[in-house]
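First comes the structure, then the notes that go with it.
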2 protein chains.
Amino acid sequence: MTTIQTQDELPLTESTFFILLSLAGGPRHGYAILKDVQTLSDGRVNLSTGTLYGALSRLLEQGWIARLDSSPAPEEARPRKEYILSDLGRRILNAETARLSSLAERARLRLAGGEA
Amino acid sequence: MTTIQTQDELPLTESTFFILLSLAGGPRHGYAILKDVQTLSDGRVNLSTGTLYGALSRLLEQGWIARLDSSPAPEEARPRKEYILSDLGRRILNAETARLSSLAERARLRLAGGEA
DNA sequence: CCGTAATATGTCGTATGACGACATATGGCG
DNA sequence: CGCCATATGTCGTCATACGACATATTACGG
């Protein structure tokens with residue numbers, strides 16, 4: 001069985017992680033992700049638009065996110081592209097979260113205990 | 001006061017993180033770090049020598065690690081360079097561990113709760 | 001009504017760093 | 001004697017983050 005090996009895609013970069021995490025909260029368009037990531041990271045992470053739109057097109061290609069064809073209310077003249085997290089994306093985000101936890105735990109042990 | 005802003009150095013790459021974490025367990029030479037990182041990561045992370053030695057020289061420049069002048073037992077013809085974690089390096093590793101923890105926690109909340 | 005800021009999307013050049021491939025040498029074991 | 005593990009190192013390439021720049025629309029204050 002050719003189960004997709006989510007493990008092989010890790011680690012995510014911090015930018016990618018936060019973008020996926022933002023979308024885990026619901027569909028959003030680019031600029032909204034930008035703002036959400038600032039909030040999620042307590043202002044620590046400020047994606048440049050270069051990073052954001054580059055990452056979004058990459059994530060689309062990889063199928064980790066998808067375009068949301070929210071029948072764009074015609075009165076919406078304003079350009080807006082909404083994205084949602086795909087199942088694959090969610091699985092990867094879960095795997096990354098697990099990796100993060102185990103990493104932190106592993107580090108805490110060695111830093112606290114001090115033993116080799 | 002020019003306190004070093006450890007925050008500004010984060011996030012670390014996974015390679016850097018594991019190299020520092022390995023040295024947190026005591027002084028080691030390059031190849032030993034390579035093996036230690038494999039163990040620490042349950043075989044998931046296999047640094048190439050390109051990554052390792054590149055990272056080590058960078059870490060030296062930054063003062064996060066230092067050469068250990070362990071009066072090399074003269075009978076040691078074998079080339080071996082030992083490294084230790086500096087105070088700065090240890091502070092950064094601590095900061096990164098904290099970042100990792102809060103990231104995992106933040107993600108767990110959003111993924112579990114599902115709320116926006 | 002005009003200017004400015006926030007919203008919104010995008011491109012481009014540069015720098016960093018991971019990685020695989022390659023190179024080199026010694027020590028130990030069969 | 002040959003091979004594998006140990007041990008250190010360089011080089012070219014690729015992925016990606018980032019800042020700078022570009023462009024449009026909407027909202028608000030003066």
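Labels below follow one simple rule: chain letters A, B, ... track the order of the sequence lines, proteins then strands, and each chain is numbered from 1.
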What I'd like to find out is whether the side chain of [X] reaches to under 4.5 Å of the side chain of [Y], using heavy atoms alone.
{"X": "Arg28(B)", "Y": "Leu68(B)", "answer": "no"}
{"X": "Trp64(B)", "Y": "Leu93(B)", "answer": "no"}
{"X": "Val45(A)", "Y": "Leu47(A)", "answer": "yes"}
{"X": "His29(A)", "Y": "Arg80(A)", "answer": "yes"}

Take the protein atom [atom1] of [X] and the nucleotide atom [atom2] of [N], then report the distance between them rounded to whole Å.
{"X": "Tyr53(A)", "N": "dT11(C)", "atom1": "OH", "atom2": "P", "value": "11 Å"}
{"X": "Leu10(B)", "N": "dC18(D)", "atom1": "CG", "atom2": "C1'", "value": "17 Å"}
{"X": "Leu34(B)", "N": "dA7(D)", "atom1": "CG", "atom2": "P", "value": "10 Å"}
{"X": "Arg80(B)", "N": "dT26(C)", "atom1": "CZ", "atom2": "C1'", "value": "12 Å"}
{"X": "His29(B)", "N": "dT8(D)", "atom1": "NE2", "atom2": "C1'", "value": "10 Å"}
{"X": "Tyr31(B)", "N": "dA25(C)", "atom1": "OH", "atom2": "C1'", "value": "14 Å"}
{"X": "Glu82(B)", "N": "dT6(D)", "atom1": "CD", "atom2": "C1'", "value": "14 Å"}
{"X": "Lys35(A)", "N": "dA5(C)", "atom1": "NZ", "atom2": "P", "value": "14 Å"}

ask   = Got a salt bridge between Glu105(B) and Arg108(B), using NZ or NE/NH1/NH2 to carboxylate O under 4.0 Å?
value =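 Looking at Glu105(B) and Arg108(B), the cut-off is met.
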ask   = Reading nucleotides 18-23 of chain C 5' to 3', which nucleotides get B (base under 4.0 Å from a protein heavy atom), which S (sugar-phosphate only), which -?
value = SBBB--
inquiry  = I'd like to know if the side chain of Asp36(B) reaches the main chain of Ala32(B), judged simply by a donor and an acceptor atom lying under 3.5 Å from each other, with no hydrogens or angles considered.
reply    =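 The answer is no, because no donor-acceptor pair under 3.5 Å joins these two groups.
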